[in-house]
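Just follow the structure's listing: the first ligand is 1, and inside any ligand the first atom is 1.
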Amino acid sequence: MAKMFHHSLLLVLLILSLFINHTEQLQSSQAQTLFRIQGLLNFPVVLNSWTKNTDFCDTEPSSSLTVVCYQESISQLHIIGKRGAPLLPRNFSLESFVTTLVKLPDLKVLTLVSLGLWGKLPGKIARLSSLEILNVSANFLYGSIPRELSYLTSLQTLILDDNMFSGQLPDWLSSLPVLTVLSLKKNLFNGSLPSSLSDLENLRVLALSHNHFYGAVPDFERLTNLQVLELEENAFGPQFPQLGNKLVTLVLSKNRFRSGIPDEVSSCYQLQHLDISFNTFVGPFPTSLLSLPSITYLNIAGNRFTGMLFENLSCNAELEFVDLSFNLLTGSVPSCLQTDSEKTVVLYARNCLANQNQNQRPMSFCRNEALAVGIPPHQKKQKEASKPVLALGVIGGIVGGIVLLGIIFLISRRINAQRATTVKKLPTRLISENAAGGYASKILSDGRYISQTMKLGALGLPAYRTFSLEELEVATNNFDTSAFMGEGYHGQMYRGRLKDGSTIAVRCLKMKKSHSTENLMRHIELISKLRHRHLVSALGHCFECYLDDSSVSRMFLVFEYVSNGTLRSWISEGRSRQCLTWTQRIAAAIGVAKGIQFLHTGIVPGVYSTNPRITDILMDHNLVAKISTYNLPLLSENKVGHGILSSGSKNSTVNERVKHEDRTDVYDFGVILLEIILGRQIKLENEVDILRDRLQGCVAADDAARRSMVDPAVHKSCLDQSLRTMMEICVRCLVKDPADRPSIEDVIWNLQFAAQVEDAWGGDSQSSDGSPVSLSPSQSQKLSFH
Ligand SMILES: *[C@@H]1O[C@H](CO)[C@@H](O)[C@H](O)[C@H]1NC(C)=O
Ligand SMILES: *[C@@H]1O[C@H](CO)[C@@H](O)[C@H](O)[C@H]1NC(C)=O
Ligand SMILES: *[C@@H]1O[C@H](CO)[C@@H](O)[C@H](O)[C@H]1NC(C)=O
Ligand SMILES: *[C@@H]1O[C@H](CO)[C@@H](O)[C@H](O)[C@H]1NC(C)=O
């Protein structure tokens, strides 16, 4: 009986599933669209299960891939790639991707996370008119939020976290009638928040952490549904935001908030998580926060809260984390916080409390500081809690700020205007010259954006020519020892000065009689082409001949003299002098890569396997990186040449090297890049493997991990997106199998991307605090690649 029941149940299920399968059979055009998406995304691992036989509407949803159908049409699509996924290749076009995507017209929920998407989000995406939830976190999208999104009247959730969107938050966001979640964390947004945000009555979550917003937070008291407000790491302030009392999470840490905490916060009966750490709050610490009915996390560290704590204060029993450290508190830690429970963390170091088990300051410190906090200009008035005066002070500050911003704006407008007239011919883009770090951006502009013709012109070198021996003798003071620079495998080097005052480097080579003149001429022809911005360029040559048969006895190769030390001396040596900033490092890396690319493809036949090392990269007075060509073994016959080359480098056979010649240089470039990123000398080969593995770990890990690995000299001034891109490409250059390494073009492209990211935010922002005053007006937001 039971068995029969079982059978019939199976039958029913079978019929049912056939039925479902039938009705939920996806339209074939939509299946085609999915395959096309798979291709456009460069066949990511997460989509490996999509094959010809896949019945999309009948796939098991997973945490990384879900397709949901409704009436033969796709209504939900979630694709979540590997964390820290690299950029999609150069030929990826977000425009065509979105054009494909909008062929799924019934999409309501779209999640495209960590897929390496890059580009400007096209407004076309608004053709997905049913869209309710859009999450495109952890990609490389830039530019502003397209205005067309305002047509998405059903949009409830918009998540653009961890991209490179920039500009100000648009006013029209308030016209999205049902917007509930707006999350824009970790982008490059700036400006102050539009007050229209307070019209978003349905807003439940507003997360703007890790951007460059500044100024006052609009009045959010009307947002009665607001539960989560995250503003961490911006420059908001100075007044505590006005908020409704439904908040559950409030994160204001690392901003410019200053004024005391209003009493209303004590009425936030649902508040669980309150983080106001690392602002400049002054005034008495409202101890009632400890006993808010729902509070579990309270962090007020790194402010200048004053006041006395008593043992008999009461706290919420659910508290799990309390951090009071780095304030000016006196008295003793409430006994309700002195639990031995492992569940509860209580930190209170660096106050002037009586409890000595966490490092405390002397009482006098807090007293003096509290007085100091109380006395100077507007704080003094605050102490008397006279609101009008405080308000005046604040307004004064704001007005001052606005005036200052106005001035900055005018100046940048002027600069823009001047640029517009003087540099019109440059089709590519403009670089801010007054960016912190001075010539850095100039180099960038030269290195990255100037067109090919400009570059050739900018080479500024005299034409390649033949020198006479007399000329070289005069220049080097008859090859005097004082002019001697060194001797390598490939002959001696001398420094010299020509009559026109230019400095040269002369390489002398003794010739064997066996060298055929024909062969020699071929090499000279090659050398004469070694002229590039990122090579130590050849200026000419000179032959000295035997008198008897007029065969060549000595050959002199004349190069430009590059005087500013090696790249290593600017990275990991000579810490006493200023080392390269992060943007300068990216520029140097681009230079080296372009030099290699030129050796490969800029001349015929290409020069491969040159085994460039960081000590072979010379810097000129503008800090343009140039690959030294002094030692290129050009004179050797081809086969011998490879022998010589192999001797200095990796343990692979000559054959393999020939096969992957270009990828060998990519490996060597990776080693240089590694040193550039880490800022420490890399001398042993096995060290490279270890460091590569660690770097790889960092690529997938978080911001903090990456920052802990990069050269401490620059870790504050680089943006995470560029750091990640640099680390990523470095790891790829250093993979064991040459076939898996990127091409040099790919390398350059990624480096340029990293540079663009930095530039979009005005180069090295030396002050990491996001101060609007320290911003250099970035001239143009256009990202262009070529
Ligand atoms: C991009 O280029 C790769 C080869 O480099 C190719 O396999 C791929 O199909 C191209 N993608 C597009 C969208 O053109
Ligand atoms: C966006 O999607 C990713 C991947 O599912 C998820 O981890 C993240 O929490 C989502 N963002 C928000 C704000 O829900
Ligand atoms: C915001 O940043 C952009 C560059 O990303 C800049 O052009 C603009 O002037 C900045 N705006 C404000 C208000 O700071
Ligand atoms: C707590 O103790 C202080 C002094 O030790 C006293 O002034 C205060 O009244 C006490 N408060 C309560 C609620 O017992």
ask   = Judged by atom type as modelled, is there a donor-acceptor pair below 3.5 Å linking the side chain of E230 to the main-chain atoms of A207?
value = no
ask   = Taking the side chain from E233 and the backbone from S253, do they hold a donor-acceptor pair closer than 3.5 Å?
value = no
request  = Mark yes when over 12 heavy atoms from residues, nucleotides or ligands other than E148 sit less than 6.0 Å from its CD; otherwise mark no.
outcome  = yes
query = Tell me, which protein residue and heavy-atom name are nearest atom 1 (C) of ligand 2, and how many Å apart are they?
reply = N135 ND2, 1.3 Å
query = Ignoring hydrogens and geometry, is there a side-chain-to-backbone donor-acceptor pair from D323 to A301 under 3.5 Å?
reply = no
key: Partner of D106 by side-chain hydrogen bond (donor to acceptor under 3.5 Å, both in side chains), out of S73, S130, S75   = S73
inquiry  = Give me the nearest non-hydrogen protein atom to atom 4 (C) of ligand 2 as residue plus atom name, then the distance to 0.1 Å.
reply    = I80 CD1, 3.5 Å
query = Identify the closest protein heavy atom to atom 5 (O) of ligand 4: which residue and atom is it, and at what distance?
reply = F310 CD2, 4.1 Å
request  = Would you indicate whether the side-chain heavy atoms of L34 and W50 approach each other to under 4.5 Å?
outcome  = yes
Proximal ligand 2 atoms for V113, defined as those under 4.0 Å from one of its heavy atoms = 2 (O), 3 (C), 4 (C)
ask   = How about atom 7 (O) of ligand 2: does it have a protein heavy atom within less than 4.0 Å?
value = no
message = With heavy-atom distances below 4.0 Å as the criterion, list the atoms of ligand 2 near I159.
response = 11 (N), 12 (C), 13 (C), 14 (O)
query = What residue and atom, counting heavy atoms only, is the protein's closest point to atom 12 (C) of ligand 4, and at what distance?
reply = N312 ND2, 3.2 Å
